[in-house]
Trainee: 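Sharing a structure below in structure tokens format, with a few things to ask.
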Amino acid sequence: MTGQNPVFIPGPTNIPDRLRQAMAIQTIDHRAPDFANLLDPLFEDLKKIFKTKSGTVITFPASGTGGWEASVTNTLSPGDKVLIARYGMFSHRWIDLCQRQGLDVEVIECEWGSGAPADIFAERLAADKGHNFKAVLVTHNETATGVRSDIAAVRRAMDASSHPALLFVDCVSSLASMDFRMDEWGVDLAVSGSQKGFMLATGMAIVGVSQKALAAMETAKCKRCFFDFRDMGEANAKGGFPYTPPIQLLAGLRESLDMLFEEGLENVYARHFRIAEGVRRAVGAWGLKLCAKSADLNSDTVSAIYVPDGFDSNVLTDHAYDAYNVSFGIGLGEMNKKAFRIGHLGSLTDVMALSGLATIEMAMKDLNYPVELGSGVSAAQDYYRTSTSMLLSKVA
Ligand SMILES: *Cc1c(COP(=O)(O)O)cnc(C)c1O
């Protein structure tokens, strides 16, 4: 085990050296003034990542799941009706969380591989004349199936009947890697975490909160203590946390934001598209199929790929790990045994992507998949060398 190989799981992602070093700091006193000075610009810069001017950003020491729980418990009350579609493992887990919080959850069952059904949302909301639905919950990037949903279309569906429900969006595996526009899409709660697009260690839930969501807090009766927005907001305003903050992660976040701004958010999105497109070309060359049902749903951060009939994707991912010490994502939930996933988000280059494609090709060949060695790598190489990369544009 050299520890040199990148991971191709869709989070936690590879941590660039620059961020590992930024997180390797000695304890600083979180009640000292220099800690307070760190916080304000951090929150202001996070707003730029969410693309919100009117909203605010709240973080908690937690993983993304904690961000879901914070969003739900701060804005809703037990018995509140919420509308949510199930089309993968993460939307499924969010439904489970809402049910355990005592919400009245109306679930729209969708085929895995499809995205958020804006048309069905529009129908259900138009029929809800009494405005009983208090929230619509959508997973922007369903990491289990490699599907990106159209959040603007969900917003249009809500606006079509002038429905006042809050719009919750899970953007854990899309923020800081795919286009996300909190204000423009009218998102009230945008849930993310530190270990995906931010390229950091796991341990921070990062939530964008609209003014409307802050107002909903006044009447929300779900129980909360650790995740209380008000406690956190008041403490942040005084330059601190209501409890011990994750200092090393906050230092890492400072550096991560600097890296994202240096590259430029639009360039970050373009790089993710480009790397993902090379992976998709490889999948096509192997003769395999993505779980995403149509090209407009393709995620730029993770590809879920069906194995051919008669093969077990768990055997493939286990073999890649045992033989080559490289991790790929397993098939989750309904996709277990049927599909494997290539995570391509965060700190990744063409060269790294090619190494992953070469590795999974070897693993498939070892297991007698009907895949020609080099076919996927070559398709990706062709795409990477002819599509505009930063290097090529410099040479030209
Ligand atoms: C990773 C992820 C989460 C959060 O998972 P945690 O393990 O709690 O950080 C939530 N939603 C999606 C879509 C994810 O990819």
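The model shown is predicted, which means the values in this text are computed figures rather than measured ones. For ligands, and for the atoms within them, numbers begin at 1 and follow the listed sequence.
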Trainee: Quick one: nearest non-hydrogen protein atom to atom 5 (O) of ligand 1, plus distance?
Mentor: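 That would be T65 OG1, 3.9 Å.
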Trainee: So which heavy atom in the protein is nearest atom 1 (C) of ligand 1, and how far is it from that ligand atom?
Mentor: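 I find the closest protein heavy atom is K196 NZ, 1.4 Å.
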Trainee: Considering non-hydrogen atoms of the protein only, which is the closest contact for atom 9 (O) of ligand 1, and what is the distance?
Mentor: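 Sorting protein heavy atoms by distance from atom 9 (O) of ligand 1 puts Q195 NE2, 2.7 Å first.
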Trainee: So, N141 and S174: side-chain donor and acceptor under 3.5 Å apart, yes or no?
Mentor: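 Note: N141 and S174 side chains miss the donor-acceptor criterion.
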Trainee: So which bit of D170 gets within less than 4.0 Å of ligand 1, heavy atoms only: side chain, backbone, both or neither?
Mentor: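 Under 4.0 Å from ligand 1, D170 contributes side-chain atoms alone.
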Trainee: Using a 3.5 Å cut-off on N or O atoms only, is S63 in polar contact with ligand 1?
Mentor: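 It does: an N or O of S63 is found under 3.5 Å from an N or O of ligand 1.
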Trainee: Taking R274 first and then D300, would you say they form a salt bridge - that is, a charged N and a carboxylate O separated by under 4.0 Å?
Mentor: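 Salt bridge flag = no for D300 with R274.
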Trainee: Note the single closest protein heavy atom to atom 13 (C) of ligand 1, along with its residue, its atom name and the distance in Å.
Mentor: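 I find the closest protein heavy atom is T143 OG1, 3.2 Å.
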Trainee: Hydrogens and angles aside, do Y324 and D366 bring a side-chain donor and acceptor to less than 3.5 Å of each other?
Mentor: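 There is such a pair (donor and acceptor under 3.5 Å, judged by atom type) between the side chains of Y324 and D366.
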Trainee: Salt-bridged, R224 to D231, with N to O below 4.0 Å?
Mentor: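 Between D231 and R224 there is no salt bridge, as every charged N stays at least 4.0 Å from the carboxylate O atoms.
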Trainee: Pick one of side chain, backbone, both or neither for how N141 approaches ligand 1, counting any non-hydrogen atom pair under 4.0 Å.
Mentor: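 Backbone only; the side chain of N141 stays clear of ligand 1.
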Trainee: At under 4.0 Å between heavy atoms, is it the side chain or the backbone of E142 that contacts ligand 1, or both, or neither?
Mentor: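 E142 to ligand 1: no contact under 4.0 Å from either part.
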Trainee: Is a donor from one side chain sitting under 3.5 angstrom from an acceptor on the other, for T143 and S173?
Mentor: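 Short answer, yes.
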Trainee: What I want to know is whether R93 and ligand 1 share at least one N or O pair that is separated by under 3.5 angstrom.
Mentor: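 In this structure, R93 places no N or O atom under 3.5 Å from an N or O of ligand 1.
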Trainee: Assess the side chains of S347 and N14: does a donor N or O sit below 3.5 Å from an acceptor N or O?
Mentor: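 Checked: S347/N14 side chains show no N/O donor-acceptor pair below 3.5 Å.
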Trainee: Check each heavy atom of W68 against ligand 1 and say whether those closer than 4.0 Å belong to the side chain, the backbone, both or neither.
Mentor: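 The part of W68 near ligand 1 is the side chain, not the backbone.
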